[in-house]
Amino acid sequence: MVSLHMGEADARPHLSELVINWHITEVCNYRCGYCYAKWNDDSKEFLHDWERTQRLLDEVFSFFSPDNSSNPLRNQISWGRVRLNLAGGEPLLYRDKVLRILSYSKSKGIDTSIITNGSRLDVDFLDQLASHVSMLGLSIDSANKEQNIEIGRTDKSGNQLGLDSIADLFDRARQVNPGIRLKINTVINAINYNEDMQELISSLAPQRWKVFRMLPVITNDLSISSSDFQKFVEKHKSLDHVMSVEGNEDMSESYIMIDPHGRFFQNRIRHQGYQYSRSIESVGAAKAFDELRLSAETYASRYRMIPIKEAI
Ligand code: SF4
């Protein structure tokens, strides 16, 4: 996403894109032991009501518009464009709604991306999706079937994404949208921390491989020590050119995230459970955003030195 440069007159880091992560649903067909997609709210998720979804998007886009000089974040960083990244749960359990959100966002001049577990991607749908997004992310924790079962990365019938399917999906996405950026997210946890994923990642050749240390924000299940995480990172040094590493501290108070119920939420280091704002629908994006802490420095440094073409 981003080049970071300082002008003489303007000392703020400049990001080419400001990324807003909207977790549109808590629902998922997998059951990862470490799952972070728990937002403790029984109310209807926004994505099931198109009018509310539209109003939420309008409010968020207007607040984060690079032209909105009243956004307090502008005192710390500047940005050229906004990208809406859809996540979950598993967003592609609602494929039509996802396409509608992506189309609407694009019509408002917003860039779009999605992160999915891949289980609902088939060729026909991928053809539609890939033309809508500038970045497609797949979450893959292991190349090993048994380990995927242990982590919980299978559906109710025990199905999991095969490695051949992933390679085919990536090839197809590149054919449909040659400019697409492909990303893999891997959560390093108590099951996979000893795995060697070099062959898998090299063969898929994503532009970015994000490697996260399991963040015990919802549960401690499958958590790992910092030294085990570091060992995994060391083992994969050959992939430094694509690997982007996030330890627990890097993931705290450093993302702009909205939950399925239209609230900003934030990870906090050494705290279990998220911190939430009031609903954006009730108080507006400015007031809601002001209720949580965001480290603009950590946010900006996530994208530091990443060439625009490759940044995600
Ligand atoms: S794929 Fe993601 S949302 Fe689904 S169970 Fe795993 S961590 Fe949770």
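If you read the sequence from its start, that first residue is 1, and numbering goes on from there. Every number for a ligand or one of its atoms is a count from 1 in the order of the listing.
The aromatic rings of Phe265 and Trp39 stand perpendicular to each other, their planes meeting at an angle above 60°, with 30° marking the opposite boundary.
Of all protein N/O/S atoms, those lying under 2.8 Å from atom 6 (Fe) of ligand 1 come to 1.
Taking a cut-off of under 4.0 Å to the non-hydrogen atoms of Gly89, the atoms of ligand 1 that pass are 3 (S).
With respect to Arg95 and Asp122, a salt bridge is recorded, a charged nitrogen being found less than 4.0 Å from a carboxylate O.
A 4.5 Å side-chain heavy-atom check between Ser134 and Arg83 finds at least one atom pair inside the cut-off.
To the nearest 0.5 Å, the span separating OH on Tyr274 from CG on Leu292 amounts to 13.0 Å.
There is a side-chain donor-acceptor pair under 3.5 Å between His132 and Ser103.
The closest donor-acceptor contact from the side chain of Glu246 to the backbone of Lys210 lies at 3.5 Å or more, if one exists at all.
Leu102 and Ile115 are assigned to two separate hydrophobic clusters, defined by single-linkage of ILVMFWY side chains at heavy-atom distances under 4.5 Å.
If you check which protein heavy atom lies closest to atom 2 (Fe) of ligand 1, you get Tyr36 OH, 3.8 Å.
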